[in-house]
Novice: 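Dumping the structure here so I can ask a few things about it.
Model, not experiment: these values are computed from the prediction. So you know, we letter chains A, B, ... as the sequences are listed, proteins then strands, and number each from 1.
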2 protein chains.
Amino acid sequence: MAPAWAEKADMSLKAEIARRFGTPALVVDLGVVESNIARVQAQLDQAGVANRPHIKTHKSPELAMLQRAAGAKGITCQKLGEAEVFADAGFDDILISYNVFGEEKEARMAALLRRNPVALTVAADNPVTIAGLDRAGRMAGRPVGVVIECDTGRKRAGVETPQEAIQLAVEAASRPGLAFRGLMLYPPEDGWERSQRFLDETLAGLRAHGLSAEIISTGGSPNLPQAGKLKGQTEHRAGTYIFNDRMQVKAGVASMEDCALRVYATVVSRGGAERGIIDAGSKTLTTDTGGLEGHGTILEHPEAKIARFAEEHGFLDLSACNDRPVVGDIVRIIPNHVCVVVNMVDRLIAVRGDEIIGEIAVAARGRLT
Amino acid sequence: MAPAWAEKADMSLKAEIARRFGTPALVVDLGVVESNIARVQAQLDQAGVANRPHIKTHKSPELAMLQRAAGAKGITCQKLGEAEVFADAGFDDILISYNVFGEEKEARMAALLRRNPVALTVAADNPVTIAGLDRAGRMAGRPVGVVIECDTGRKRAGVETPQEAIQLAVEAASRPGLAFRGLMLYPPEDGWERSQRFLDETLAGLRAHGLSAEIISTGGSPNLPQAGKLKGQTEHRAGTYIFNDRMQVKAGVASMEDCALRVYATVVSRGGAERGIIDAGSKTLTTDTGGLEGHGTILEHPEAKIARFAEEHGFLDLSACNDRPVVGDIVRIIPNHVCVVVNMVDRLIAVRGDEIIGEIAVAARGRLT
């Protein structure tokens, strides 16, 4: 028996999408997008924390404009190339949550600051990045904002002790091309107490040096329920919440109804009775499992497992399905990790309920540098 | 001690690539490309088998032109959108090795055939595809060539018995919009004897119906050493051989010196003593492991393991390294599966030895449909 969220198989929309765009196609429901944006904005407003959505999920200025209109304070990018696209689209407060440096990037950053009044802040967790950002700021004739990236347990990027954070902050504050702006954290979901201790010790050290942190930024859609929990937190960076995916459902921060993006695919071959093949493989859905079983949920056949991929083949294990798809069927898939799936395409198809609205350019896709 | 192939760390090229293009960057050595093309062409010439390279690896007409100049008979595509790009770039003999159908694709296929004299052949393993291709051919006023896809053990796509192959061939031959052209196989590396039995039985059945197969096409770079082994084989489709990667080295069909593509990345953060972070994550190297340990070989630090990814972070496990990279180092990576990595970018940087030649457009990237 298919669960309730799997029932809404709108045959006319599926046929229309296939007829106009072919498959595979990435289809976003703007109603669900707007509801996700409004819900998270209200949650952060309630917590007294500014919303700085991460655009890595959609890479689309059009969608970021919806986030801004709903109350987002600024945006987060992961790449300088993304920041260039969004600054040129009129976003004036951008945090690049990544160590960005190197001669080519420093020159581009300076050029961006010269042509655009954007308030640009960049993360740094080491002296090489600090030196590079300083060069960029001096080239631009306008300081680059810096937040010190702190690792409070995720073992990702970031300095691992308050002492290092303080030392880098002092160094940033002393550089003519930089403006020290604060601290950036990405707490593990179970790491907020440790993050508080790290933060308190760092802030005390900064005060001893006459420095204060105007930004204390946390991140992650799965961390949204904990927004406001960290004393001192000024803003939160979440990306995936705009679309959601199986990972967010697994993390308990979204329901299947909150998943705004569906990959439409065609069953192109059947092989044996317990197998099926869809035209969405690793070059559409990606091999990023997000730690989940199977590579997505097929709404029409939730018991089917997207078991493995070739580049353009998705191999279905239908052994648990009573109702099995046939060649020619169009199916809709909620992907495991929506951010990497959107990154495969140049456009999304926007719908509102059963109506096709148009296309949305994934304008910053492919901006690797 | 780094092996010989890891020694050639050309500092000036690395610095020049980083300075001009930034990282991450995908850099292809045209000398290695030409050597791979020549070697495989000679191997297939020797075996008396035509070369129909699969362009899914490079998606670049410029590179396919090198394959054609060396003697390739035609090309293979996986998507209609790829075939459109290559037909419009002057390739006149194209096999789409995929079940392509659906109203939108049939109309595009007909339009392609009307505007372009390309000899187009498409794989089919079921009656729905046959019917769709027939509609396209009738719309075009020119028949679509059809090869019946046969599964001889890989459990991918393809009919699973000679009887089904014969039946579909007879059906294709009876359709006014189609021209039956032969059979397409993708034998498992250990499945050539079974493939021969399947083929012999199918050909006998076709003869009984007055049909003959002008194309008997096999596939796969790891199958190249077996080219000519299948009696009746007329052509081979290999893609990865043009660049090679860790998977091909593992399969024993290429050496590290034959790997033409390297991902240049910068060490952007260090974390603890045994960790490091490069600016190539799952949105550059992809999570496709190809069944291998780690996500690539770092030429400068072959003992380092690219252990896991965030979208823009590659996390290095440096515990086995005596010589550890520092922040700012540029490293070169041989990816596990080069086809999916090329698919992430819009351009490749072409070098010849130490010299930067220019850029190559990955023109058919993003042609998902």
Novice: Mind ranking N126(A), T129(A), V345(A), V159(A) by heavy-atom pairs under 4.5 Å with chain B and telling me who comes out on top?
Specialist: N126(A)
Novice: In terms of heavy-atom proximity below 4.5 Å to chain B, should V362(A) be classed as side chain, backbone, both, or neither?
Specialist: neither
Novice: Please identify, among E103(A), R108(A), K56(A), R156(A), the residue contributing the most non-hydrogen atom pairs under 4.5 Å to chain B.
Specialist: R156(A)
Novice: Given heavy-atom pairs under 4.5 angstrom as the criterion, report whether the side chain, backbone, both or neither of K79(A) touches chain B.
Specialist: side chain
Novice: Answer yes or no: is there a donor N or O on one side and an acceptor on the other, between the side chain of K105(B) and the main chain of T23(A), under 3.5 Å?
Specialist: yes
Novice: Taking D279(A), V326(A), T284(A) one by one, which has the highest count of heavy-atom pairs under 4.5 Å against chain B?
Specialist: D279(A)
Novice: Heavy-atom pairs under 4.5 Å with chain B are the metric here; pick the option from H337(A), Q78(A), E160(A) that has the most.
Specialist: E160(A)
Novice: E312(B) and E82(A): which non-hydrogen atoms are nearest, and at how many Å?
Specialist: OE2-OE2, 4.2 Å
Novice: Please identify, among E106(B), R347(B), H313(B), the residue contributing the most non-hydrogen atom pairs under 4.5 Å to chain A.
Specialist: H313(B)
Novice: For the interface with chain B, which of E164(A), K155(A), R270(A) has the highest count of heavy-atom pairs at distances below 4.5 Å?
Specialist: K155(A)
Novice: Could you have a look at I277(B), D151(B), V100(B) and say which one has the most heavy-atom pairs with chain A under 4.5 angstrom?
Specialist: I277(B)
Novice: Is it the side chain or the backbone of R367(A) that comes within 4.5 Å of chain B heavy atoms, both, or neither?
Specialist: neither
Novice: Around Q167(A), counting heavy atoms of other residues, nucleotides and ligands shown, do more than 12 lie under 6.0 Å from its CD?
Specialist: no
Novice: Is A18(A) close to chain B through its backbone or its side chain, or both, or neither, when contacts mean heavy atoms under 4.5 Å?
Specialist: backbone
Novice: With a 4.5 angstrom heavy-atom cut-off, which part of D288(A) approaches chain B: side chain, backbone, both or neither?
Specialist: both
Novice: What are the two closest non-hydrogen atoms of A157(B) and S269(A), and how far apart are they?
Specialist: CB-OG, 4.0 Å
Novice: In terms of heavy-atom pairs under 4.5 Å with chain B, which of N99(A), I330(A), D346(A), V268(A) leads?
Specialist: V268(A)
Novice: For the pair R20(A) (side chain) and E104(B) (backbone), establish whether a donor and an acceptor sit closer than 3.5 Å, ignoring hydrogens and angles.
Specialist: no
Novice: What heavy-atom pair brings Y98(A) and I278(B) nearest, and what distance separates the two atoms?
Specialist: OH-O, 3.6 Å
Novice: Considering only heavy atoms, which portion of R19(A) lies under 4.5 Å from any heavy atom of chain B: side chain, backbone, both, or neither?
Specialist: both
Novice: Tell me, do K283(A) and L368(B) make a side-chain contact under 4.5 Å, heavy atoms counted?
Specialist: no
Novice: Are any non-hydrogen side-chain atoms of F21(B) and T369(A) less than 4.5 angstrom apart?
Specialist: no
Novice: Could you pull out the closest heavy-atom pair between G328(B) and V128(A), with the gap in Å?
Specialist: CA-CG1, 4.5 Å
Novice: If you measure from OG1 on T286(B) to CG on N343(A), what distance do you get to the nearest 0.5 Å?
Specialist: 11.0 Å
Novice: Any side-chain heavy atom of E311(A) within less than 4.5 Å of one from H54(B)?
Specialist: no
